[in-house]
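Taking it in order: structure first as structure tokens, then the write-up.
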Amino acid sequence: MPADLSLISGVTPSITYSENASISPDPSSVSNWEESEQFTVRAYDGTTTVYTYSVERETNTYEGSLHFTTQQEVDAFVAQQIHVIEGSLIIGKENREEDEEGITDIAGLATLKQITYDLVINPGYTGNTLDVFENLRHAGSITVKDLPHVSTIEASNLQTIRYALSLAGDKVETLNFPNLESIGGGLYLYLPEMTSAGFNYLRSIGSDLYLPGATEHSLQTISFPLLETVQGSVTLKSYPALNAVQFPALTFAGALIIDELPVLCELNFPVLKEIKGTLDYNSCVLLEKLTFPQLERCNGNFNFRPATNPMLETLDFSSLKIVGGLMTIYPAYYPSLKKLVFPLLEETGNHLSIAIGAHTAYSALESIAMPKLTTIHGNLSITADYAPSQMLTKLDFPSLLYVQNINITYLQALTSFDSFAKLIREGELSSWSITNCGVNPTYEEMVELYGKE
């Protein structure tokens, strides 16, 4: 059947069968003959046979790669009615002179359904719409560079991208990829004026998800409702108007970087179980709740940077068991946070550093609890050097058995180190330094108090 013949409406089927037989469903009840259908034919003796109807279309394929730099080249190709390009397609010059005529009309490329390798749209395309996406279902990779007149990028039928999807443009406001299921490489959005992004069916990204920043009039909500895995880094950075981040299905990320989201109030990754690399959090000044209730492993660094976050009251890492690298937290910059609790944390792969006082920042932290932590492959440092803590009264590390050095300073309300009794008695420790606290026991005094096996 011809590739462009529509069977959606106005089709009258002609089906012949024995006068004593019946067919179900009635062919006259079928309105869309583009879709497959099963018909059951019942013979006069009661036996039934099931027949499957499906559409097979002719496909015109171009073997090789194409680079169009003029409108005449586009028009000549359109006349061939090609549906599949077994190669790459580049539209427009990468650097076009101001007085040089560009490509203005690519509507005829809407016949394309598949581009095996790269689709690149350069600034030499000066039209207003990207009709090339209208019927495209599969592509090797897609790169859209800064186009002067395009405000909307929509690919309603696109299902898979084998490699990367990279979109750039100062004028683009709307993205819509409603049926895109998977991206084998990364998703990179360099769109500072983007106000909406629709990826409602996307389930997997094979490399990075990179959203590097926008203007104060841009995106307010980032939502990937079905996205389950991102093999590379998830980067959300510098979105001044962003007030909602939704990843309700994400279970795995290669890394997670959150930075400069000044009006975001809540950040929740409800089913995220593993971060292969680093978790890096910085500068979300209105954030009140940060919750990762099912995160079990962060195999890289766990880094909460020193940036003022006065509203943060809740840190939920209630399932976290393993941090593979350095673990650094700065409660000094979270003056509303009263309890720092990691109830299931068992091991850190490098130093564990908690800074409670820093310059003019004063912490309201009252307690630190890591009751299951047995091993720190590095040093434990809990300090308030620049702003001595008058609030912290309890440390809870009852299971700790291995740490290289312990340095605890300026916790002036802390008068008990009982939670380190097991470490002193049974564990391994290279050095012990307690200074300017409520009490300052030496290592020898701790051994005398709790014994040493």
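Worth knowing before you read on, the calculation uses all heavy atoms, side chains too, and leaves out hydrogens, waters and symmetry mates. Worth saying up front: this structure is predicted, and the values here are computed from it rather than measured. The first residue of the sequence shown is numbered 1, and numbering continues consecutively from there.
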Next on the checklist: Which heavy atom of Leu109 sits nearest to which heavy atom of Ile91, and what is that distance?
Outcome noted: CD1-CD1, 3.7 Å

Next on the checklist: Any non-hydrogen side-chain atom of Leu352 less than 4.5 Å from a side-chain atom of Met370?
Outcome noted: yes

Checklist entry - Do Leu89 and Leu112 come close enough that some side-chain heavy atom pair is under 4.5 Å? => result yes

Checklist entry - Does Asp208 reach the main-chain N or O of Ser233 with its side chain, forming a donor-acceptor pair under 3.5 Å? => result yes

Item to check | Leu119 side, atom CG; Thr116 side, atom OG1 - distance, nearest 0.5 Å | outcome: 12.0 Å

Checklist entry - Is the closest side-chain heavy-atom distance between Phe420 and Ile408 below 4.5 Å? => result yes

Next on the checklist: Strictly distance-based, threshold 3.5 Å: is any side-chain N or O of Ser399 a donor or acceptor partner for the main-chain N or O of Pro371?
Outcome noted: yes

Checklist entry - Ignoring hydrogens and geometry, is there a side-chain-to-backbone donor-acceptor pair from Asn200 to Pro178 under 3.5 Å? => result no

Next on the checklist: If you apply the rule side chain to side chain contact (heavy atoms under 4.5 Å, CB included), what do you find for Glu347 with Ile322, and how did you get there?
Outcome noted: CA-CA 5 Å; Glu347 180 179 351; Ile322 302 293; 3.9 Å; yes

Checklist outcome for this item: Taking every heavy atom of Ala255 against every heavy atom of Ile275, the minimum-distance pair comes out as CA-CG2, 3.7 Å

Checklist outcome for this item: OH of Tyr188 to CG of Leu167, rounded to nearest 0.5 Å, is 12.0 Å

Next on the checklist: Working to the nearest 0.5 angstrom, can you tell me the gap between Thr69 OG1 and Asn122 CG?
Outcome noted: 10.5 Å

Checklist entry - Below 4.5 Å, heavy atoms only, C-beta onward: do Phe133 and Glu154 meet side chain to side chain? => result no

Checklist entry - Please walk me through it: do Ser419 and Asp396 pass side-chain hydrogen bond (donor to acceptor under 3.5 Å, both in side chains)? => result CA-CA 5 Å; Ser419 71; Asp396 189 16; 5.2 Å; no

Checklist entry - Is any side-chain heavy atom of Thr229 less than 4.5 Å from a side-chain heavy atom of Ile205? => result no

Item to check | Whether over 12 other heavy atoms sit under 6.0 Å from Tyr117 OH | outcome: no

Checklist entry - How many angstroms lie between atom CD1 of Ile161 and atom CD1 of Ile115, to the nearest 0.5 angstrom? => result 10.5 Å

Item to check | 4.5 Å side-chain heavy-atom contact, Leu175 and Met194 | outcome: yes

Checklist entry - If you take all heavy atoms of Asn128 and Tyr125, which pair is closest and at what distance? => result N-OH, 3.9 Å

Item to check | Distance-only side-chain donor-acceptor flag, Asp118 / Ser141, under 3.5 Å | outcome: yes

Checklist entry - Are the side chain of Ser65 and the backbone of Ser88 linked by a donor-acceptor contact shorter than 3.5 Å? => result yes

Checklist entry - Donor-acceptor pair, Ser319 side chain versus Glu296 backbone, under 3.5 Å? => result no

Next on the checklist: What I want to check is whether the side chains of Asn379 and Ser381 have a donor and an acceptor closer together than 3.5 Å.
Outcome noted: no

Item to check | Test log, rule side chain to side chain contact (heavy atoms under 4.5 Å, CB included), inputs Leu267 and Leu287 | outcome: CA-CA 8 Å; Leu267 188 59; Leu287 197 71; 4.0 Å; yes

Item to check | Residues, nucleotides or ligands: over 12 heavy atoms within 6.0 Å of Glu448 CD | outcome: no

Checklist entry - Looking at side-chain heavy atoms only, is the closest gap between Val403 and Phe397 below 4.5 Å? => result no

Checklist entry - Would Asp280 and Arg305 pass as an ion pair if we require N to O under 4.0 Å? => result yes

Checklist entry - Is a side-chain donor or acceptor of Thr104 paired with a backbone partner of Thr126 at a separation under 3.5 angstrom? => result no

Next on the checklist: To check you understand the geometry: which heavy-atom pair defines the closest contact between Val285 and Asn309, and what is its length?
Outcome noted: O-ND2, 3.7 Å

Checklist entry - Can you tell me how far CG of Leu211 sits from CG of Leu187, rounded to the nearest 0.5 angstrom? => result 6.5 Å

Next on the checklist: Would you compute the distance between atom CG of Leu236 and atom CD1 of Ile258 and round it to the nearest 0.5 angstrom?
Outcome noted: 4.5 Å

Checklist entry - What's the shortest heavy-atom distance between Ala168 and Leu191, and which atoms? => result C-CD2, 3.6 Å

Next on the checklist: Using side-chain heavy atoms (C-beta onward) and a distance below 4.5 Å, is Leu158 in contact with Ile142?
Outcome noted: yes

Checklist entry - Should the heavy atoms of other residues, nucleotides or ligands under 6.0 Å from OH of Tyr410 be counted, would the total exceed 12? => result no

Item to check | Short side-chain to backbone donor-acceptor contact, Thr314 and Lys289, under 3.5 Å | outcome: no

Item to check | Candidate pair Leu345 and Phe317, rule side chain to side chain contact (heavy atoms under 4.5 Å, CB included), full reasoning | outcome: CA-CA 9 Å; Leu345 184 64; Phe317 289 91; over 6 Å; no

Checklist entry - Knowing that exactly one of Thr328, Thr278, Ile329 qualifies, which makes a side-chain contact (heavy atoms from CB on, under 4.5 Å) with Phe302? => result Ile329

Checklist entry - Is a side-chain donor or acceptor of Arg425 paired with a backbone partner of Leu423 at a separation under 3.5 angstrom? => result no

Item to check | Whether Tyr330 and Tyr333 hold their rings parallel, tilted or perpendicular, with breakpoints at 30° and 60° | outcome: perpendicular

Next on the checklist: So does Leu326 get a backbone contact from the side chain of His351, meaning a donor-acceptor N/O pair under 3.5 Å?
Outcome noted: no

Checklist entry - Taking all atoms of both residues into account, what is the closest heavy-atom pair of Gln231 and Gly206, and its distance? => result CB-O, 3.2 Å

Checklist entry - Counting N and O atoms only, with roles assigned by atom type, does the side chain of Asn176 sit under 3.5 Å from a partner on the main chain of Ser156, one being a donor and the other an acceptor? => result no

Next on the checklist: Please report whether the ring centroid of Phe224 lies less than 6.0 Å from that of Phe247.
Outcome noted: yes

Next on the checklist: side-chain hydrogen bond (donor to acceptor under 3.5 Å, both in side chains), that's the test. Do Ser431 and Asn405 meet it? Break it down for me.
Outcome noted: CA-CA 5 Å; Ser431 71; Asn405 306 299; 2.5 Å; yes

Checklist entry - Please walk me through it: do Leu365 and Tyr334 pass side chain to side chain contact (heavy atoms under 4.5 Å, CB included)? => result CA-CA 9 Å; Leu365 198 66; Tyr334 316 139; over 6 Å; no

